[in-house]
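Note sheet for the following structure.
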Amino acid sequence: MKKFIFVTPEGNTLAPNGQEFENLQVIGIVENALNENEALKKLLQENQWIFDGEYNVAEFICYEIV
C-alpha cells in the first residue's frame with residue numbers, strides 16, 4: 001500500500017505582517033491506498049469539509065510519498 005499527499009493552488013496564506021501570498025496548501029494525506037484514484041476517493045469520503053469549503057477537486061495535485 002502507498003501513501004499520498006494532496007495539495008491545491010486554491011486559497012491564500014496570510015503572513016504575520018498581514019500580507020497575502022498565493023501558495024500550495026495541503027489538503028490531506030492518505031495512507032494505505034493502491035493508487036492515486038483510490039487515495040482521492042478515500043480523501044473525499046473521509047473529509048466532508050472539502051465539499052463544504054467548495055474546493056475544486058480538479059485542481060488537486062497528488063504526490064506519492066515514498
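For this chain, numbers begin at 1 and follow the sequence in order.
Atom CD of Glu54 is surrounded by 12 or fewer heavy atoms from other residues, nucleotides or ligands within 6.0 Å. Counting non-hydrogen atoms of other residues, nucleotides and ligands closer than 6.0 Å to CD of Gln48 gives a total above 12.
Val26 is connected to Leu24 through a chain of hydrophobic side-chain contacts under 4.5 Å among Ile, Leu, Val, Met, Phe, Trp and Tyr, so both are in one cluster. A single hydrophobic cluster is not seen to contain both Ile50 and Ile29; linkage of ILVMFWY side chains at heavy-atom distances under 4.5 Å, directly or through other members, places them apart.
Atom-to-atom distance recorded for Lys41:NZ and Glu46:CD is 12.0 Å, nearest 0.5 angstrom. To the nearest 0.5 Å, atoms SG (Cys62) and CG (Leu40) are separated by 7.5 Å.
Phe60 has its side chain within reach of Tyr55: a pair of non-hydrogen atoms, C-beta onward, lies under 4.5 Å apart. You'll find the side chain of Leu34 reaches within 4.5 Å of the side chain of Met1, heavy atoms only. Side-chain contact between Ile27 and Leu43 is present, with at least one heavy-atom pair separated by less than 4.5 Å. Between Asn56 and Glu10 there is a side-chain heavy-atom pair separated by less than 4.5 Å. Counting heavy atoms from C-beta on, the side chains of Leu14 and Phe21 never come closer than 4.5 Å. Between Pro9 and Glu59, the closest side-chain pair of non-hydrogen atoms falls below 4.5 Å.
Asn47 places no side-chain N or O within donor-acceptor distance of the main-chain N or O of Trp49, the cut-off being under 3.5 Å. The backbone N or O of Glu31 lies less than 3.5 Å from a partner atom in the side chain of Lys42, making a donor-acceptor pair. Gln25 places no side-chain N or O within donor-acceptor distance of the main-chain N or O of Val7, the cut-off being under 3.5 Å.
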task = Give the C-alpha distance, both sets of side-chain angles, the deciding distance and a yes or no for side chain to side chain contact (heavy atoms under 4.5 Å, CB included) between Phe4 and Ile65.
result = CA-CA 5 Å; Phe4 297 91; Ile65 301 173; 5.9 Å; no

key: Pair Val30-Lys3, side chain to side chain contact (heavy atoms under 4.5 Å, CB included): steps then yes or no   = CA-CA 6 Å; Val30 176; Lys3 186 174 184 179; over 6 Å; no

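Remark: the Asn12 side chain and the Glu20 side chain contain an N/O donor-acceptor pair separated by less than 3.5 Å.
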